[in-house]
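Reviewing the structure listed below.
Basis for what follows: all heavy atoms, side chains included, without hydrogens, waters or symmetry-related copies.
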Amino acid sequence: MARKKINNAEAPLRPVEPAPHWSALREGDRVNVRLAPGFETGGRVSAVTPDRTVVWVDLDGGRGRTLLHCSDGVEILPA
């Protein structure tokens, strides 16, 4: 993960805590993924790590499987 120096200490660029609703995500859930303003795609959760910081999503339309980390700046919302 990229880091920046703050007062000679390294800190993550973005928080590494998942959004509260990520704790409700389960394998097989239908979701909408907002990658950037105006760009949203649908998919199905294929895996979630136990700490809920990483979610794998099979994107609709045969666009493949993508790994999303809570610090990526994306939103994963129930469909």
Side-chain angles (χ1 to χ4, degrees):
M1 174 189 310
R3 297 187 179 273
K4 65 180 176 180
K5 294 229 180 212
I6 299 175
N7 298 329
N8 294 327
E10 289 189 0
L13 290 176
R14 292 189 178 127
V16 291
E17 290 294 320
H21 65 275
W22 282 39
S23 64
L25 294 173
R26 302 284 181 259
E27 197 171 309
D29 286 352
R30 292 279 313 146
V31 292
N32 289 321
V33 180
R34 291 185 186 155
L35 301 168
F39 186 76
E40 185 172 319
T41 187
R44 188 171 302 277
V45 174
S46 65
V48 182
T49 58
D51 64 358
R52 301 295 195 245
T53 58
V54 176
V55 177
W56 280 95
V57 177
D58 287 319
L59 300 175
D60 291 343
R63 290 188 303 248
R65 185 176 186 223
T66 189
L67 181 144
L68 302 168
H69 187 267
C70 64
S71 68
D72 288 342
V74 300
E75 291 184 70
I76 305 173
L77 305 168

Nearest heavy atoms of [X] and [Y], plus distance in Å:
X	Y	value
Ser46	Arg65	OG-NE, 3.0 Å
Asp51	Pro18	O-CG, 4.0 Å
Ser23	Arg52	O-NE, 3.5 Å

Can you list every salt bridge (charged side-chain N to carboxylate O under 4.0 Å, His left out) pair that touches residues 28-49, not counting sequence neighbours?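 Salt bridge (charged side-chain N to carboxylate O under 4.0 Å, His left out) check on residues 28-49 returns Arg30-Asp60, Arg34-Glu40, Arg34-Glu75.
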
Could you list who else is in Trp56's hydrophobic cluster, with ILVMFWY side chains joined at under 4.5 Å, directly or through other members?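 ILVMFWY cluster around Trp56 also holds Val54, Leu67.
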
ILVMFWY cluster membership beyond Val45 - transitive side-chain contacts under 4.5 angstrom: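 Result for Val45 is Trp22, Leu25, Val31, Val33, Leu35, Phe39, Val48, Val55, Val57, Leu59, Leu68, Val74, Ile76.
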
